[in-house]
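All remarks here apply to the structure that follows.
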Amino acid sequence: MKKNRVRLYGGIVLAAILVGIFTLLLPFQSVGYWLSDAFLMREKPVDNRIKIIGIDEKSLQEMGPFAEWTRQDAADLLNAFEEGYEPAVVAFDINYFGVRDEAGDEAFVRAAERMPNVVAASYLNFSTKMLRDEHGDWEVDTMYVEQIERPYDALNQVVHHGFTNVVQDQDNYIRRSMLSMDDENGELEYSFAYETYRVYQTSQGALPTVPETNEQGIYGFDYTAEPGMYEVYSYVDVVNGVYDPKLFADSIVMVGAYAAAMMDQYLAPIARGTVVNGVEIQANHVNALLSERTYQEMPGYFNALLTGLAAAVYLVIISRLGTVASAVSGVLILGVTAGGAWVLYGNGVYWRFWNLLLVTAVFILLRIFAGYMKEVVNKRRILGVFRQYIAPQVVEELAKDKDFQNELGGITKDVAVLFVDIRGFTSMSEKLQPEAVVDVLNHYLEAVTAAIFKNEGMLDKFIGDAVMAVYNAPLSVDNYVAKAVQTGRDIIQSVRQLNDGLREKYGIEIKCGVGVHCGKAVIGNIGCTYRMDYTAIGDTVNTAERLESKAPGGSVYLSGQVYEQLSDIYTATQVGELDLKGKADKIMVYQMEVEDESDSHG
């Protein structure tokens, strides 16, 4: 027992370690991200301080291809905002690198100077470089910022700027962002969204919150809305004064591409399967910063440890509980896992919980499958045992009955019990060679078994040359008392036919007596842990055996209870009340003589 327990818990520990390694390797990323997005990403009310001005198809049709625009077009947009109702921040998600035309560049600078705050886009150019770490050892830096491209010099002096580089996960969706990077001169550059947020907070006299980042300076942000839920205004309509300038007062105006030809579209988890304009992703990012809905991923080693421990706990549970209880507990673990992921996400922790969901789901399915296979194997084993002493047609019925094995613990049931025994078997055995005795006995037992099975009885046991049969167990049988009596008649007739061959072969003949009684008996597996038999016990069995011992050869003794039920079917002679061994009271007995014709009922 102790050795088995050690093996069990050793296996659980090994499985937990493997699950932890499995989690640490983070397989099934795409499926996991899809599950997390579906569960965690929910639409929320958008912050009405954020407004988007889109360079849409209409703008391109009226103002020409964007590649032909000058910085004067940007100046016209800023000049369209009415003095006294300027936005708090105007953030251009557009690159204004290098000098284009002097007049347009200067116009944009003058317009930006008149605005409270303008944020323009910068861009990080990365390269790989060998650097020395703090210990003086060489290491490869694949995220070395070789250059930061910023707005042209004159504009750079009057605007804020932030880099628009995106962080794409393995499935190409954008869920995270870099907070800041140092350029080649050690100057700090914030991301475009954070710079926009920082400038806005400062303009309102509030301190910006710095999101917690990992070692690479990366954090995640929660999305607010699907495409089209933010207020979006056509660039050309704003320039032409179509909208009331007061709409933009004190707001965060974000300007970016909305025309497909400008190819500024990405995948966002809030709208899986559809592309989202880059400026809307920036708007969602700023919205998350304003609402302080940023997060950090749970460390991989801690996730692996948590998943491994949870798997170990569940394995202990399923090793102690049945299939249904194990499945229910597994579903509870799935629910707790999903709920825990939701709570953690709301508190700024992104848990890659899908590995634990997957492992638990697999364990549930394996436990159900194992339970099913155990039931199948157990049922086959039981049916295999029953096939040795039950009629084939009864076994087939047992196989169809899903609950039959629940009765194997022992129940009280009305049954009929038949005993049969050869008269003078001992003296006959002394006259024959052992091989002949075995041959005679085998033919006799085969005839008896055939008669029992023919009448849907259960062959309970062989006791030397005696045989015990039970009717109405393990399945209920119609007219089971009559079938027990008919079995007795068939046995007597079969033995008579058998004697024709025995006289010719060995010069002998056999006679047997049969006893049949009916009543209640305990039916079930009787025995100990290493030896059990499905049998019937009780006074009904004892009475049937005593009746058989009194029956003359070639006849069937019936108890009064049996004959009362069958007197309209069979004819029997009253023997009278007999003393039976072990019985305090006498019992009325009837003798049934059996004719040679098996179908005669007297």
Side-chain angles (χ1 to χ4, degrees), residues 20-30 32-33 35-37 39-41 122-129 131 133-135 137 139-145 148 162-183 186-198 208-223 266-270 281-282 284-308 340-356:
I21 295 173
F22 168 86
T23 302
L24 199 58
L25 295 176
L26 295 175
F28 310 109
Q29 287 287 71
S30 296
Y33 278 131
L35 181 62
S36 292
D37 294 344
F39 183 64
L40 299 176
M41 293 292 174
S122 62
Y123 192 81
L124 306 177
N125 288 318
F126 293 98
S127 66
T128 300
K129 189 171 183 178
L131 299 173
D133 62 18
E134 57 185 7
H135 303 293
D137 298 324
E139 63 179 7
V140 178
D141 184 1
T142 58
M143 296 289 289
Y144 176 73
V145 179
I148 298 182
F163 58 83
T164 56
N165 304 67
V166 298
V167 177
Q168 291 177 294
D169 286 318
Q170 293 181 6
D171 59 353
N172 295 322
Y173 281 77
I174 298 174
R175 302 177 181 86
R176 301 179 294 157
S177 173
M178 292 180 290
L179 175 62
S180 63
M181 293 294 286
D182 293 331
D183 66 6
E187 295 183 21
L188 188 67
E189 185 85 1
Y190 285 111
S191 71
F192 179 78
Y194 186 78
E195 182 67 11
T196 301
Y197 159 74
R198 187 189 69 79
T209 300
V210 180
E212 182 181 352
T213 66
N214 61 15
E215 294 178 353
Q216 289 76 40
I218 294 175
Y219 64 94
F221 61 91
D222 184 29
Y223 279 78
Y266 301 90
L267 294 172
I270 194 69
I281 292 179
Q282 298 288 4
N284 273 279
H285 191 170
V286 173
N287 205 149
L289 291 166
L290 289 169
S291 306
E292 297 187 6
R293 296 198 318 272
T294 61
Y295 60 82
Q296 264 305 301
E297 287 197 24
M298 181 183 291
Y301 68 88
F302 188 77
N303 186 17
L305 179 62
L306 180 62
T307 305
W342 178 266
V343 171
L344 288 173
Y345 186 72
N347 287 275
V349 179
Y350 183 85
W351 176 24
R352 297 176 184 245
F353 65 101
W354 56 81
N355 284 323
L356 179 54

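Listed here is the closest heavy atom pair of L289 and P211: CD2-CG, 4.0 Å. Residues M41 and Y223 share a closest heavy-atom pair of SD-N, 4.0 Å. Between A288 and D222, the closest heavy-atom pair is CB-O, 3.3 Å. Residue Y173 comes nearest to P269 through the heavy atom pair CD2-N, 3.6 Å, listed as atom of the first residue, atom of the second, then distance.
Defined by atom type and a distance below 3.5 Å, a donor-acceptor pair is missing between the side-chain atoms of N347 and Y295. Donor-acceptor pairing under 3.5 Å is lacking for the side chains of T196 and Q282.
Qualifying side chain to side chain donor-acceptor pair (under 3.5 Å) partners for E297, counting only residues two or more places apart in sequence or in other chains: R352.
Residues L188 and D182 form a side-chain contact, since some pair of their non-hydrogen atoms from C-beta on lies under 4.5 Å apart. Here the side chains of Y190 and M181 are not in contact, with every heavy-atom distance at 4.5 Å or above. Between Y194 and P208, some side-chain heavy-atom pair lies under the 4.5 Å cut-off. Using a 4.5 Å heavy-atom threshold, the side chains of V210 and L179 count as touching. Side chains of E212 and T294 form no contact here, defined as non-hydrogen atoms less than 4.5 Å apart. Using a 4.5 Å heavy-atom threshold, the side chains of S36 and Y350 count as touching. Side-chain contact between R176 and D169: present, with at least one pair of heavy atoms (C-beta onward) separated by less than 4.5 Å. Using a 4.5 Å cut-off on side-chain heavy atoms (C-beta onward), S180 and E189 make no contact.
The CG atom of N172 sits 6.5 Å away from atom CG of L267, with the distance rounded to the nearest 0.5 Å. The OH atom of Y219 lies 9.5 Å from the OG1 atom of T213; values are rounded to the nearest 0.5 Å. Residue I270 holds its CD1 atom at 14.0 Å from CD1 of I174, rounded to the nearest 0.5 Å.
A donor-acceptor contact shorter than 3.5 Å links the side chain of N214 to the backbone of I218. Put simply, the side chain of Y197 gets close to the backbone of T209: a donor and an acceptor are under 3.5 Å apart.
Between F163 and F192, the ring centre distance reaches or exceeds 6.0 Å.
Geometrically, R293 does not engage F221 in a cation-pi contact, judged by NZ or CZ lying under 6.0 Å from the ring centre and within 45° of the ring axis.
The environment of F39 atom CZ is dense: over 12 non-hydrogen atoms of other residues, nucleotides or ligands sit within 6.0 angstrom.
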